[in-house]
Amino acid sequence: MDSVRIADIGGYEGQEVRIEGWLYNKRSSGKIHFLIVRDGSGFLQTVAVRGELAADQFDLCGGLTQESSIVVTGRVRADERAMGGFELTLTGIELVQLAKEYPITLKEHGVDFLLDHRHLWIRSPRQHAALLIRDEVIAAAEEWLRTNGFIKLDSPILTPAACEGTTTLFETDYFGEKAYLSQSGQLYVEAGCMAFGKVYCFGPTFRAEKSKTRRHLIEFWMIEPEMAYATQDDNMVVQEQFVSHIVKRCLENRHDELVLLGRDLSKLEAVTAPFPRVSYDEAVEMLHAGGREFEWGDDFGAPDEAVICSRFDKPVFITGYPTKVKAFYMQPEPDRPEVVKCADLLAPEGYGEIIGGSERIHDLDLLEQRMREHDLPRAGYEWYLDLRRYGSVPHSGFGLGIERTVAWISGSEHVREMIPFPRLLNRIYP
RNA sequence: UCCUCGAUAGCUCAGCGGUAGAGCAACCGGCUGUUAACCGGUGGGUCGCAGGUUCGAAUCCUGCUCGGGGAGCCA
């Protein structure tokens, strides 16, 4: 008999199949048991009827506990009364392990309790759906990049110095020398694009900031494309193609999961290139027109971003930030050096920044000057300066935060549920 | 680091000066179509920790610990 995954059950109507899974829930009515089985690919209602199943097996069903591992066989039947449209009439059941009292019930639980049991929580339907959407986002992102000529060139996680020098880094010991967990692979993909033209890195990123909001993780995943001979205008065109492809793929391949999470699909269907572009100057005017106090030259706070992106139904680029609030490597506008060639991409519906990108400085003298202004130790950056000594060209790139993107696409309110095992302020378990 | 809210049964919570409660989970029983199934019964507590006020504190006050939400910083 074929072992079948629940996701494929529709193709086996009328046949007897075998499913290897776990008991998600049980409803019992004396002479009939409804066992809801999950197998990782989906959920399926199975029906055990007294008289149609061997007596010892029927009794076994009555004693099953939540999350017990079971192998069931039965006949596939279309039935409108079952979630998913198909049901299995049991002809046999084998108990693999009788689960002890399962801590996560079908009732409500608090966040702290659920995070303490994250290793079990990921079995729950909503968490399962969110992590499937995460997988789709990653697959779609890499698919788009590879079909558009990018190669994956991983950057190191153990690094000798700060990439941007601003945020707090996790320090570790490297055989007697100080080393830091990477907070960005960007500097390394800049080297990569001079070797391969178009590259990206994808990996975990570490920020030792004491951030405690629904938008922050201590360890999060970032995908960072970098392109040689690309201007900031080219960069934004790539980003809007890239992001709209990711959204489209999720709508195509994870429709059921989006619906399960209650996502308004029309909001996602509206996400098509091109995306609106608003200059920093215009954004400041928007804030003033809305009655907010804001001084030109400051960076936007989360409430400011919310005001701006609430005016659009697509992601919106905010371009041309003041030089002094951005990273040292960003290329200034030639006729307006107080502003840099950069853009943040703000997701709609208040989800905030999902991409930060810019054109990088390619002139050696200017880059050296910026590093002095930012008090960066020259020695650790000699290799980076070499990129401006040997065939320097204009180049641009960006970083997309995976968990924030997944939170936006799935309509979830917190990034901590968008990664299998979140690292949060004061949480490194499990 | 700052602002704010919270901590009572395994879980989610009510009780807010006078004998510790409910729903769910567990256990026992009932039920042939359940959808967080339902009905009856049983067991289950150092009310976060330490002081203080009071005849009497889960309840009021102070400090501490842990957690939620937000700010800053960022993706």
Side-chain angles (χ1 to χ4, degrees), chain A residues 24-36 43-53 58 62-63 65-67 77 79-84 87 89 99-117 124-126 163-164 166-169 183-186 203-224 239 243 298-306 321 325-327 344-347 351-357 398-408 413-416 418-419 424-427:
Chain A
Y24 171 68
N25 191 23
K26 179 186 72 185
R27 288 181 283 269
S28 186
S29 190
K31 301 205 171 50
I32 186 166
H33 299 300
F34 298 93
L35 308 182
I36 317 300
F43 295 79
L44 177 70
Q45 173 155 295
T46 70
V47 188
V49 181
R50 175 173 280 171
E52 293 184 25
L53 191 64
F58 183 84
T65 52
Q66 196 186 349
E67 287 301 319
R77 194 162 44 74
D79 195 314
E80 285 183 357
R81 292 171 292 189
M83 260 173 61
E87 208 172 66
T89 305
K100 302 200 180 300
E101 189 179 337
Y102 192 65
I104 301 178
T105 69
L106 270 54
K107 300 285 178 177
E108 288 178 10
H109 295 282
V111 172
D112 195 43
F113 175 83
L114 289 168
L115 285 172
D116 276 341
H117 297 86
S124 302
R126 292 181 64 88
C163 280
E164 307 188 9
T166 52
T167 41
T168 319
L169 298 167
Q183 60 168 335
S184 167
Q186 187 204 307
T205 293
F206 306 88
R207 303 273 166 95
E209 286 289 339
K210 300 216 167 181
S211 298
K212 205 180 120 181
T213 78
R214 66 182 71 189
R215 300 182 307 282
H216 288 89
L217 292 167
I218 301 302
E219 177 181 313
F220 67 97
W221 287 65
M222 186 155 65
I223 194 159
E224 295 175 275
Q239 288 170 46
V243 169
D298 289 341
D299 203 354
F300 298 126
D304 303 314
E305 288 184 354
Y321 281 73
V325 302
K326 285 295 180 182
D344 285 353
L345 185 67
L346 306 185
Y351 280 92
E353 185 179 353
I354 55 170
I355 283 181
F398 63 95
L400 173 123
I402 294 296
E403 290 78 14
R404 284 190 184 176
T405 302
V406 177
W408 161 53
E413 66 177 26
H414 209 303
V415 291
R416 69 185 161 212
M418 303 299 112
I419 185 168
L424 302 165
L425 192 59
N426 300 326
R427 174 176 289 281

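Order of the sequence lines sets the chain letters (A, B, ...), proteins ahead of strands, with each chain counted from 1. It should be emphasised that the depicted structure is a prediction, and the values quoted were computed from it without experimental measurement.
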- Closest to side chain of A/Ser29, choosing from B/C74, B/G68, B/C31: B/C31
- A/Ala302 side chain, from C-beta outward: closest of B/A71, B/C73, B/C74: B/A71
- Task: Quote, to the nearest angstrom, the P distance that separates B/C61 from B/C66.
- Result: 22 Å
- Message: Tell me if a side-chain donor or acceptor on A/Thr65 pairs with a main-chain N or O of A/Ala99 at a distance below 3.5 Å.
- Response: yes
- Query: Is it true that a side-chain atom of A/Arg207 and a backbone atom of A/Gln183 form a donor plus acceptor pair closer than 3.5 Å?
  - Reply: yes
- Item | N or O in side chain of A/Arg27 less than 4.0 angstrom from B/U32 OP1/OP2 | no
- Query: Counting only side-chain N and O atoms of A/Arg416, is one of them less than 4.0 Å from OP1 or OP2 of B/G69?
  - Reply: yes
- Is_stacked (A/Phe34, B/G33) at 5.5 Å, 30 deg: no
What is the distance, to the nearest angstrom, from the [atom1] atom on [X] to the [atom2] atom on [N]?
X: A/Gln183; N: B/C73; atom1: CD; atom2: C1'; answer: 11 Å
X: A/Lys210; N: B/G69; atom1: NZ; atom2: P; answer: 17 Å
X: A/Ile104; N: B/A26; atom1: CD1; atom2: P; answer: 15 Å
X: A/Lys212; N: B/C2; atom1: NZ; atom2: P; answer: 12 Å
X: A/Phe220; N: B/C73; atom1: CZ; atom2: P; answer: 16 Å
X: A/Leu115; N: B/C66; atom1: CG; atom2: P; answer: 17 Å
X: A/Asp112; N: B/G67; atom1: CG; atom2: P; answer: 7 Å
X: A/Asp79; N: B/U34; atom1: CG; atom2: C1'; answer: 11 Å

Is there a Watson-Crick or G-U wobble partner for [N] with both distances under 3.5 Å, and which nucleotide is it?
N: B/U12; value: B/A22
N: B/C47; value: none
N: B/G56; value: none
N: B/U65; value: B/A7
N: B/U1; value: B/A71

Could you tell me which residues satisfy side chain to side chain donor-acceptor pair (under 3.5 Å) with [X], sequence neighbours excluded, listed by chain and number?
X: A/Ser29; value: none
X: A/Thr89; value: A/Arg77
X: A/Tyr321; value: A/Asp344
X: A/Gln45; value: A/Arg27, A/Glu87

- Would you mind telling me which residue lines up with the more 5' stretch of RNA chain B, A/Thr89 or A/Lys26, judged by nearest nucleotide? A/Thr89
- Task: Please figure out whether A/Leu217 or A/Asp304 has its closest RNA chain B nucleotide nearer the 5' end.
- Result: A/Asp304
Mind checking if [X] touches a base, just sugar-phosphate, or nothing, with heavy atoms under 4.0 Å?
X: A/Ile402; answer: nothing
X: A/Glu87; answer: base
X: A/His216; answer: base
X: A/Arg427; answer: nothing
X: A/His414; answer: sugar-phosphate
X: A/Gln66; answer: nothing
X: A/Asp299; answer: sugar-phosphate
X: A/Thr205; answer: nothing
X: A/Arg126; answer: nothing
X: A/Gly301; answer: sugar-phosphate

- Side chains of A/Trp221 and A/Val406 in contact at under 4.5 Å (non-hydrogen atoms): no
- Task: Decide yes or no for A/Val111 and A/His414: does some side-chain heavy atom of the first lie under 4.5 Å from some side-chain heavy atom of the second?
- Result: no
Under 3.5 Å, which N/O atoms of the protein pair with N/O atoms of nucleotides 9-15 of chain B?
residue, atom, partner, partner atom, Å
B/C11, O2', A/Glu108, O, 3.3
B/C11, O2', A/His109, ND1, 2.5
B/U12, OP1, A/Gly110, N, 2.8
B/U12, O4', A/Glu108, O, 3.3

- Message: Under the side chain to side chain donor-acceptor pair (under 3.5 Å) definition, can you give me all pairs with a residue in residues 105-115 of chain A, not counting sequence neighbours?
- Response: A/Thr105-A/His109, A/Asp112-A/Arg427
